[in-house]
**Q** 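Please see the structure below; I have some questions.
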Amino acid sequence: MKVSQLFTKTLRDAPSDEVAKNAQLLIRSGFVYKEMAGVYTYLPLGKRTLENIIGIIREEMNNVGGNEISLTALQKKETWETSGRWDDKVLDVWFKTKLASGAELGLAPTHEEPLTKLMKSYISSYKDLPIYPYQFQIKFRNELRSKSGLMRGREFWMKDLYSFSKDQAEHDTFYESMSEAYDRVYDRLGIGDITYKTFASGGSFSKYSHEYQTLSEVGEDTIYVHKDKKIAINQEVYNDEVMADLGVSKDELEECKAVEVGNIFTLNTKFSEDFNLQYAAEDGTSKHAFMGSYGIGPSRLMGLLAEHFADDKGLVWPENIAPFRVYLINIGDTADKAHELYEELTQRGVTVLWDDRDERPGAKFADADLMGIPHRIVVSEKLGENYEYKKRTESATNVLTKEELFGKL
RNA sequence: CGGGGAGUAGCGCAGUUGGUAGCGCACGCGGUUUGGGACCGCGGGGUCGCAGGUUCGAACCCUGUCUCCCCGACCA
């Protein structure tokens, strides 16, 4: 893509109503636009970045047998009354609205209820199980206070997968494979080393649930980290019993701030009982499906990655997250040469953002840095047949031949 | 929802004991520039968050209200 075709533009100053670094950088660089508190529009660069994050999660969900679907955002009151969660006193983040007829509707804050109800149409035998439907969708939660830019919105992207298993043993096996899939997701996003599988309250259905918590000073959660074992305990269950279960002692744990970037949860038969989701077992008896839920917030992750991978010049996206891999700058009367390289790289499958504007070099360099594109290539008259190459993460520049340049990408 | 702070041009800001709004960035035109956000000149753009009130006159004073940010509370 050419910068001249990009309708967004960068800002020198961040809006004064944003304090969170992730929001300041993402707005300044033209990745997102703030519609209202906790509600952001994804602009071309931001949309591509979000899709890259989603793509990684999608691959890992498909690897463990996920079936991608797209559930509705509009929700029937009756469906949620079945589980008792329509009541604002039970679930206090509802956005509710009405049909023209007057019938009440809600904007989905999560999807256990509609999906469990839906699966009644498709699960009738043990032969139908296990099954793992999932989706990427916008969730609506009427938080009393949204904060921290993209990290805690009222409207946000969520990957939610739900497992329907025959029994606890089958569920446990899948739960473990999801745990491993989550590890791979965070590794691929470049935050594996600072993301901890964290023991948290299991509610009334299981002893524990697990959160994936990424260490960050801007985190809302406090966790106790065991760096050698690569696990952590959420403050809410930081007690002697849990430490005994995990075989750790207080003096091995370090108190840290962290951002919850995912969770996996055993639901047991809570929802399959509420909706009477039963299947015929091999012995002819009827049994309730055994369920689990598994969430990751791609938009929160985008905020976290922006916050984490940044320096004083702007964003510093990891290679596989960046909206484009290459930022191509032509200086002086070199548009033809730049165009040629642009076409060649594009044909090779390298995504290129070509700054073809009639701007001074300094302005182009500043925007390349602010947008955080991993590789920068400069074409200019003084380089002759060669190209200047620089990584966003390094300060050194190298003059390379075209062949050497392709070797870098 | 409790406490604190703030709403003036797309963004950052200034503003007069109350007298009908200005600067920088961005934008348009002309010129000079061209390897780290150039410079000069000219120009366009704002019902001063909204609604009432006080006043001859309100961006400014009063009341209400909406919105945004921060701290706390809340948070499968």
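Letters go in sequence order (proteins before strands), and every chain restarts at 1.
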**Q** Does A/K76 NZ have over 12 foreign heavy atoms under 6.0 Å away?
**A**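 Atom NZ in A/K76 is not crowded, with 12 or fewer foreign heavy atoms closer than 6.0 Å.
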
**Q** Please work out which residues in residues 325-345 of chain A have a non-hydrogen atom less than 4.0 Å from an atom of RNA chain B and list them by number.
**A**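 RNA chain B contact set from residues 325-345 of chain A: A/I331.
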
**Q** Among all residues two or more places apart in sequence or in another chain, which pass the ring pair (Phe, Tyr, Trp, His ring centres under 6.0 Å) test with A/Y134?
**A**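 Applying ring pair (Phe, Tyr, Trp, His ring centres under 6.0 Å) to A/Y134 gives A/F136.
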
**Q** Report all interatomic pairs (protein N or O, nucleotide N or O of nucleotides 12-14 of chain B) with separations under 3.5 Å.
**A**
residue : atom : partner : partner atom : Å
B/G12   : OP1  : A/S16   : N            : 2.4
B/G12   : OP1  : A/S16   : OG           : 3.2
B/C13   : OP2  : A/S16   : OG           : 3.3

**Q** Show each protein N/O and nucleotides 1-6 of chain B N/O combination with a separation under 3.5 Å, one pair to a line.
**A**
none

**Q** Restricting to ring pair (Phe, Tyr, Trp, His ring centres under 6.0 Å), what partner residues turn up for A/F156, sequence neighbours left out?
**A** none

**Q** Let's test this: given Watson-Crick or G-U wobble pairing with both distances under 3.5 Å, identify the partner of B/C25.
**A**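 Across all strands, the one nucleotide that pairs with B/C25 is B/G10.
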
**Q** Begin from the C-alpha positions of A/D311 and A/R392 and carry the test salt bridge (charged side-chain N to carboxylate O under 4.0 Å, His left out) through to its verdict.
**A** CA-CA 10 Å; A/D311 62 19; A/R392 177 65 177 83; 2.8 Å; yes

**Q** With both distances under 3.5 angstrom, what nucleotide forms a Watson-Crick or G-U wobble pair with B/G45?
**A**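 Base partner found: none.
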
**Q** Please work out whether the ring planes of A/Y238 and A/Y224 are parallel, tilted or perpendicular, with thresholds of 30° and 60°.
**A** parallel

**Q** Please tabulate, one pair per line, each protein N/O and nucleotide N/O from nucleotides 48-51 of chain B that are separated by under 3.5 Å, including the distance.
**A**
none

**Q** Please report the distance, rounded to the nearest Å, between CD in A/E381 and C1' in B/G35.
**A**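 The distance from CD of A/E381 to C1' of B/G35 comes to 11 Å, rounded to the nearest Å.
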
